[in-house]
**Student:** 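The structure under discussion is supplied below as structure tokens; questions concerning it will follow.
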Amino acid sequence: AAGGTPAAGGQAAPGGPVQVEVRAVEQRAMTDDVTAVGSLVSNESVVLRPEVAGRISAIRFRDGAAVRKGDVLVELDAAVQRAELQQAQASLRLADANIRRTEDLFARKFVSQSSLDTARSQLEVARATTALAQARLERTQIRAPFAGVVGIRDVSPGHFVKDGDALVNLEDIATLKVDFRLPELYLGRIRAGQTLEVSSDVLPGERFPATVDAINPLVDAQGRAVVLRARLQNAQGRLRPGMFVRVRLILDQRADALLVPEEALVPAPGNVQFVYRVVDGKAQRTEVKTGMRRDAMVEIVAGLLPDALVVTAGQLKLRDGVPVQIVQRDARAGGASPAAQATVTR
């Protein structure tokens, strides 16, 4: 209607300034990251198996309990092995006494060098036999190779087991490994020591810090992906091996990234993008280079300075140097740059 106030969006009275909405360029801390899915793996995992056949005489653990490195978990009947060790020790004592007598006689030239060599050889054989018997006896005790948590056993005292039969699994879950994959295009941007966040649907809203521990040098030819392994502290045992997790890997962090709303960008031929800045009441066309995008915000890597006013509505009627009238200034425009962090991905 005649005499009415034109609305924002480029409408203006003939010969008058173009009415626009503006927002200041924001400067925020920004994180460049990538997300993936992965699985949790025990830091160490083993299924305990006996090296010799025998009958179980005792089980020294409780299902699901924590054990220390070196703890005896399962004992096999060792009556035969103990008898063999006693026999070997008796032979060793005899050989030791014999070598002392032979050395004394040899010193007085009552025996030959050959007799002395024979006595020494018998002593070495007795020592080896004793060590062998001791090793056989120790194999009847299945010990924890590392500290961890035992699983649920399927055997009982009196059960006869063969060498290689599964007794129980042992898992070190105080530290967990996180295995996940990323597309090969990230290969040049990943390295050991980078930080990541791990989350699970089992514990919604919680984030667990982890660190990239290793990168597989072989790229999967089928999926064109690279396999990474991270390490996660799990002292409270809230996470368990085998769980499905979501991984957020932080590739880069910038404390002073410049952001503008997506609607401020105006595309141009040749894959060029620009924005209109408001300078001294006039529109000034400015070509920009963009980076990351997220949450309707775009990172500007070249072309703008902090707190510059950019047009977010009304660009259709604008040309370089056209007078403008600001009819709405975003509440977030101007003033100090927000301190809140924005996390941005490609």
Side-chain angles (χ1 to χ4, degrees), residues 26-45 66 146-149 171-220 222-262 290-301 332 336-346:
E26 299 181 29
Q27 189 171 21
R28 303 182 186 176
M30 185 168 61
T31 302
D32 181 8
D33 63 10
V34 61
T35 58
V37 295
S39 298
L40 296 180
V41 182
S42 298
N43 183 45
E44 301 291 350
S45 177
F146 50 83
V149 179
E171 312 289 337
D172 175 10
I173 62 174
T175 301
L176 294 178
K177 299 172 183 174
V178 187
D179 289 346
F180 61 101
R181 294 169 176 258
L182 290 178
E184 62 180 4
L185 63 90
Y186 289 100
L187 189 57
R189 305 183 63 193
I190 56 179
R191 63 186 184 279
Q194 287 178 315
T195 59
L196 61 144
E197 291 181 350
V198 176
S199 60
S200 171
D201 294 341
V202 177
L203 301 169
E206 294 195 48
R207 300 289 183 270
F208 300 89
T211 305
V212 175
D213 196 42
I215 302 171
N216 195 328
L218 179 65
V219 175
D220 181 13
Q222 300 295 325
R224 303 300 176 189
V226 58
V227 178
L228 293 88
R229 170 166 287 178
R231 195 169 296 274
L232 168 69
Q233 295 302 318
N234 187 45
Q236 296 181 351
R238 305 186 65 198
L239 299 173
R240 294 300 175 95
M243 288 177 59
F244 167 85
V245 293
R246 306 180 193 278
V247 176
R248 174 175 169 263
L249 175 63
I250 300 173
L251 300 175
D252 188 25
Q253 290 182 312
R254 294 180 293 282
D256 53 358
L258 302 180
L259 301 175
V260 299
E262 287 183 338
T290 61
M292 309 297 110
R293 293 174 181 251
R294 185 162 178 170
D295 297 333
M297 300 294 288
V298 182
E299 179 190 12
I300 303 298
V301 297
R332 290 166 289 186
S337 300
Q341 283 195 344
T343 302
V344 182
T345 58
R346 288 192 184 278

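Counting from 1, the numbers follow the sequence of the chain as shown.
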**Student:** Applying salt bridge (Lys or Arg N to Asp or Glu O under 4.0 Å), can you list everything that pairs with Arg240, at least two apart in sequence or on another chain?
**Tutor:**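 Residues passing salt bridge (Lys or Arg N to Asp or Glu O under 4.0 Å) with Arg240: none at all.
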**Student:** Measuring only between side-chain heavy atoms, which start at C-beta, is Thr175 closer than 4.5 Å to Glu44?
**Tutor:**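 Thr175 vs Glu44: side chains apart.
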**Student:** Measuring only between side-chain heavy atoms, which start at C-beta, is Leu40 closer than 4.5 Å to Ile173?
**Tutor:**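 The answer is no, as the side chains (C-beta and beyond) never meet within the 4.5 Å cut-off.
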**Student:** Hey, are the side chains of Val178 and Leu176 touching, using non-hydrogen atoms and a 4.5 Å cut-off?
**Tutor:**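 Not touching, per the 4.5 Å side-chain cut-off.
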**Student:** Please report the closest heavy-atom contact between Pro209 and Arg207, naming both atoms and the distance.
**Tutor:**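 That closest heavy-atom pairing would be CD-O, 4.0 Å.
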**Student:** How about Lys177 and Asp213: do any of their side-chain heavy atoms sit closer than 4.5 Å?
**Tutor:**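 Side-chain contact under 4.5 Å: no.
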**Student:** Do you know the tightest heavy-atom contact between Ala230 and Phe180?
**Tutor:**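 For Ala230 versus Phe180, the nearest heavy atoms are CB-CE2, 4.3 Å.
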**Student:** Provide the closest heavy-atom pair for Val219 versus Arg224 in the form atom of the first, atom of the second, distance.
**Tutor:**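 Closest approach of Val219 to Arg224: CG1-C, 4.1 Å.
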**Student:** Would you say Glu206 and Arg238 make side-chain contact, with heavy atoms under 4.5 Å?
**Tutor:**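 Side chain of Glu206 against side chain of Arg238, heavy atoms only: contact under 4.5 Å found.
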**Student:** Just so I know, are the side chains of Val212 and Ile190 near enough to count as touching, which here means a heavy-atom distance under 4.5 Å?
**Tutor:**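 No, every pair of side-chain atoms sits at 4.5 Å or beyond.
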**Student:** Looking at CE of Met243 and CG of Asp201, how far apart are the two atoms once the value is rounded to the nearest 0.5 Å?
**Tutor:**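 Between Met243 CE and Asp201 CG, I get 8.5 Å after rounding to 0.5 Å.
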**Student:** How many angstroms lie between OG1 in Thr211 and CD in Gln233, if you round to the nearest 0.5 Å?
**Tutor:**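 The distance works out to 8.5 Å.
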**Student:** Starting at CG of Leu196, measure out to CD1 of Ile250 and round the result to the nearest 0.5 Å.
**Tutor:**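 These two atoms lie 8.0 Å from each other.
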**Student:** Evaluate the side-chain proximity of Ser42 to Asp172: yes if any heavy-atom separation is below 4.5 Å, no if none is.
**Tutor:**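 Counting from C-beta outward, Asp172 and Ser42 never come under 4.5 Å.
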**Student:** For Val226 and Pro183, which heavy atoms make the closest approach, and how far apart are they?
**Tutor:**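 Looking at all heavy atoms of both residues, the closest pair is CG1-O, 4.3 Å.
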**Student:** Which value, rounded to the nearest 0.5 Å, describes the distance between Arg248 atom CZ and Thr35 atom OG1?
**Tutor:**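 Result: 9.5 Å between the selected atoms.
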**Student:** Testing the basics here: between Pro241 and Val41, what is the closest heavy-atom pair and its distance to 0.1 Å?
**Tutor:**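 So the minimum-distance heavy-atom pair works out to CB-C, 4.3 Å.
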**Student:** Give, for atom CZ of Phe208 and atom OG of Ser199, the distance between the pair rounded to the nearest 0.5 Å.
**Tutor:**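 One finds 9.0 Å between CZ of Phe208 and OG of Ser199.
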**Student:** To the nearest 0.5 Å, how far apart are CG in Leu249 and CZ in Arg189?
**Tutor:**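 It comes to 9.5 Å.
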**Student:** Ignoring hydrogens and angles, state whether a donor on the side chain of Arg231 or Asn43 is under 3.5 Å from an acceptor on the partner side chain.
**Tutor:**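 Yes, Asn43 and Arg231 have a side-chain donor paired with an acceptor closer than 3.5 Å.
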**Student:** Indicate yes or no: at least one non-hydrogen side-chain atom of Val227 is less than 4.5 angstrom from one of Asp220.
**Tutor:**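 No, their side chains stay 4.5 Å or more apart.
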